[in-house]
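Following: one structure in structure tokens, then a few remarks.
Lettering of chains follows the sequences in order, A, B, ..., and the numbering in each one begins at 1.
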There are 4 protein chains.
Amino acid sequence: MSEISSTPGRKRNPLIDEAILEATLDELAERGYLNLTMDAVARRAGVGRPTVYRRYPNKPALVLAACTSVAARHVPSPNTGSLGGDVEVLLADLTRVFTRTRAAQIVPALLSARDEHPELGAAAEAVWDERRRAMREVLEHARTRGEVDSNLDIEIAIDLLYGPLYLRLLVTQAPITGQLASGLADMALAGLTVRRAENGLEAKER
Amino acid sequence: MSEISSTPGRKRNPLIDEAILEATLDELAERGYLNLTMDAVARRAGVGRPTVYRRYPNKPALVLAACTSVAARHVPSPNTGSLGGDVEVLLADLTRVFTRTRAAQIVPALLSARDEHPELGAAAEAVWDERRRAMREVLEHARTRGEVDSNLDIEIAIDLLYGPLYLRLLVTQAPITGQLASGLADMALAGLTVRRAENGLEAKER
Amino acid sequence: MSEISSTPGRKRNPLIDEAILEATLDELAERGYLNLTMDAVARRAGVGRPTVYRRYPNKPALVLAACTSVAARHVPSPNTGSLGGDVEVLLADLTRVFTRTRAAQIVPALLSARDEHPELGAAAEAVWDERRRAMREVLEHARTRGEVDSNLDIEIAIDLLYGPLYLRLLVTQAPITGQLASGLADMALAGLTVRRAENGLEAKER
Amino acid sequence: MSEISSTPGRKRNPLIDEAILEATLDELAERGYLNLTMDAVARRAGVGRPTVYRRYPNKPALVLAACTSVAARHVPSPNTGSLGGDVEVLLADLTRVFTRTRAAQIVPALLSARDEHPELGAAAEAVWDERRRAMREVLEHARTRGEVDSNLDIEIAIDLLYGPLYLRLLVTQAPITGQLASGLADMALAGLTVRRAENGLEAKER
DNA sequence: TATTAATCGAGACGGTACGTCAAGTCTTCTA
DNA sequence: TAGAAGACTTGACGTACCGTCTCGATTAATA
């Protein structure tokens, strides 16, 4: 009795898979999503155009695949004992990703791809989900430690912590520095306003 | 004696200026930046294609112009007396803009246009500058009132307040509600962590 | 008391009429009919485009007018006493026109204009009518002198005499020289074949 | 050991080559060169516009190709034994082509194409070369038979024989009939003038 | 080991949008 | 009212990219 052959014929070359994704990321970084050409990707990967289309049905799908391939790489799960320390680690890491990697070009590209093919939206979430999950964990630990209010809406808190970095990356294009990240963490954790409680303390100090 | 006319020849029809921008915004809202066609804009404006090109040299320039035309419309300059009240007003207004107007489609479009032609970047800033200016003013007033620390980095504070809304609009596409805005304002102003000072206060009250 | 002017308003400047036609001929000679632009004509004449259109309804009409303006200038009406001499004069003059004037560019232009607007065909005939008339006259004189057969179809004869020059001008673009013209005249008048009658004569002379 | 394939990639569909040329000729005949549209040709050939441009870089090149494709089709090489008979055959055939085929539209189109892009001039010669070659052959045969003078300039003779038909086709647009062709042949071979030799014969007959 | 079938590079193909250019009309201002 | 400047509609031009297809050649499992 013979096994049902899984798939006869020549097998796909896995080196090509990698070359295509890498070429896509390079093109994305150099030229941006809108100026990225399927032909340029194929040429850069040393590959025929149909070889790309055999793997990804269209341009946004290719871009999405390239982005996700690079996204979920080693997000830290810090456990420094204090919320401040954990948040600091996470924001510093995102800062590193936004400045030391091609993410500055890749994230906008991903948004463009989703804009063109909305059904990719769900898949695109994977790119930032892992980071949100890490922050969620950190906040929940802080809650069990009593470091934050038990009624805290954690999703909004995540938005508050990550939002400014994305704002600078996508919108204002202001520089994203390590100093920014720690300043941001301090503000978010302590709040902007000088509180009555502190006034009370100051009063005591007099 | 007659003045030398500034520019001879037929004058441009200002109604056409408006019709083109309005048609661009409509197309942007309905079809998105990538599926927006110069021809569709021209047809919708009841205008020939070269008439569009006479005004804007290419697609991203047209889109930028349309976005800026709609951007700086009546940003409020609140003065409720408290930082909390002012911030609430500004975030509520941005929420309104993000949910009740075409901004949800227009802001991503603007980013795509800038992505395609990076030299438009500088001009694109005008779209959010007015809103940042309003928040800056509010924070400076709070500083003179002693409501915030005099060492506060105001630009980062602005990022902290606006960032989460842009994050939801552009990235996570989570709903943006009035409740979110006020929750956000509270968190940002008061901070995420339960502070020792409050504990002390509570202790005293017992 | 003032006379009621027959045509009120500013009078047309006749210098402009001439400038437009001259500019058209120049453009025709330099760039050819298809690459001639109404705008270029207007600019070259130092005139606004509508000023051209006020005189000629469209491009082929303008070109036709320019061609006819230059066409019927002094066609000779030779009367040397012999058909050979008269034909020689006419063909030599056409040779001169085809080589020393802009006719080499103008005649093809005229054909293109007629091709585009066939109703101009009748008017275009004026350009070569005068020359055909001159040749017709010469042939009729020869007939009354008995130099040609009284049954000769004169229209065909005209075609035979002028045809080769037009063929070179329009089709083969072979050089048109004075030597060509006289060789052509000889052939046409004497015929290509060596005739028996001449053999008979030679035989008698021995 | 395998041969190196001459040209990799998909082969061009030769049916499309033909369809494009045929569509071009049809459009030329129906609408003329100036009103011929690349888009109309493509649509008529059931083909995308870039497919036309892949073969021919622009409109005049396409028109030239279409004309040459139809030109050299079976020009007769008559050998009736007499120059008169041979010339009769060739002129009758050209008459047929000018009246029974699309040549009446195609030849002017070709001239327009050359007028627009002069560098096509050399290639355009192929269209009438074959016919001139045939006439040259006929005249050389007549020379070896002693039917024409050995000093006859054959190129001029060809112009003399073909010129009138082209003149009617292109310039005067007078009808081109079989009767015209034979009358023309007679005149060209015998000459227009009544010669002295004939007078001598007539004298003898008395 | 020969067959079989999918993969690969190259490139043709239909379609659609881009950005340019010219024709011909219309409007505004000046002389 | 003529004339100059130039905006305007229409529609063709030639280019670029997308996504599909066909071709010939190669490669790897199966028989």
Problem - Salt-bridge criterion met for D/Glu30 and D/Arg102 (N-O under 4.0 Å) - result: no
Exercise for the section: For the pair A/Asn35 (side chain) and A/Arg31 (backbone), establish whether a donor and an acceptor sit closer than 3.5 Å, ignoring hydrogens and angles. Expected result: yes
Completion exercise
Between the OG1 atom in D/Thr68 and the CG atom in D/Leu21, the distance rounded to the nearest 0.5 Å is 8.0 Å
Handout entry: Rounded distance (Å) that lies between atom P of E/dC8 and atom NZ of A/Lys11
Key = 12 Å
Problem - D/Glu116 CD to F/dC13 P, straight-line distance once rounded to whole Å - result: 10 Å
Practice task
Using a cut-off of strictly less than 4.0 Å, decide whether C/Lys59 has a side-chain nitrogen or oxygen near OP1 or OP2 of E/dA23.
Solution key: yes
Practice task
Give a yes or no on this: more than 12 heavy atoms of other residues, nucleotides or ligands lie within 6.0 Å of atom CZ of C/Arg44.
Solution key: yes
Practice task
Pull out every residue in residues 43-58 of chain B that has a heavy atom closer than 4.0 Å to any atom of DNA chain E, ordered by number, or say none.
Solution key: B/Arg49, B/Pro50, B/Tyr53, B/Asn58
Handout entry: B/Arg114 (side chain) donor-acceptor with A/Val171 (main chain) under 3.5 angstrom
Key = yes
Completion exercise
Expected list for residues 14-39 of chain D near DNA chain E, using heavy atoms below 4.0 Å, is D/Ile16
Exercise for the section: Measure from CG on C/Leu62 to P on E/dA22 and round the result to the nearest Å. Expected result: 16 Å
Practice task
Supply the atom-to-atom distance B/Leu34 CG to A/His117 NE2, rounded to the nearest 0.5 angstrom.
Solution key: 10.0 Å
Practice task
Classify the side chain of A/Arg10 versus the base of F/dT26 as yes if they form a donor-acceptor pair under 3.5 Å and no if they do not.
Solution key: yes
Exercise for the section: Indicate yes or no: does D/Asp17 engage D/Arg12 in a salt bridge with an N to O separation below 4.0 Å. Expected result: no
Listed pairs under 3.5 Å, donor-acceptor, residues 56-65 of chain A side chains, sequence neighbours left out:
{"unit_1": "A/Asn58", "atom_1": "OD1", "unit_2": "A/Ala61", "atom_2": "N", "d": "3.1"}
{"unit_1": "A/Lys59", "atom_1": "NZ", "unit_2": "A/Tyr33", "atom_2": "O", "d": "3.1"}
{"unit_1": "A/Lys59", "atom_1": "NZ", "unit_2": "A/Leu36", "atom_2": "O", "d": "2.9"}

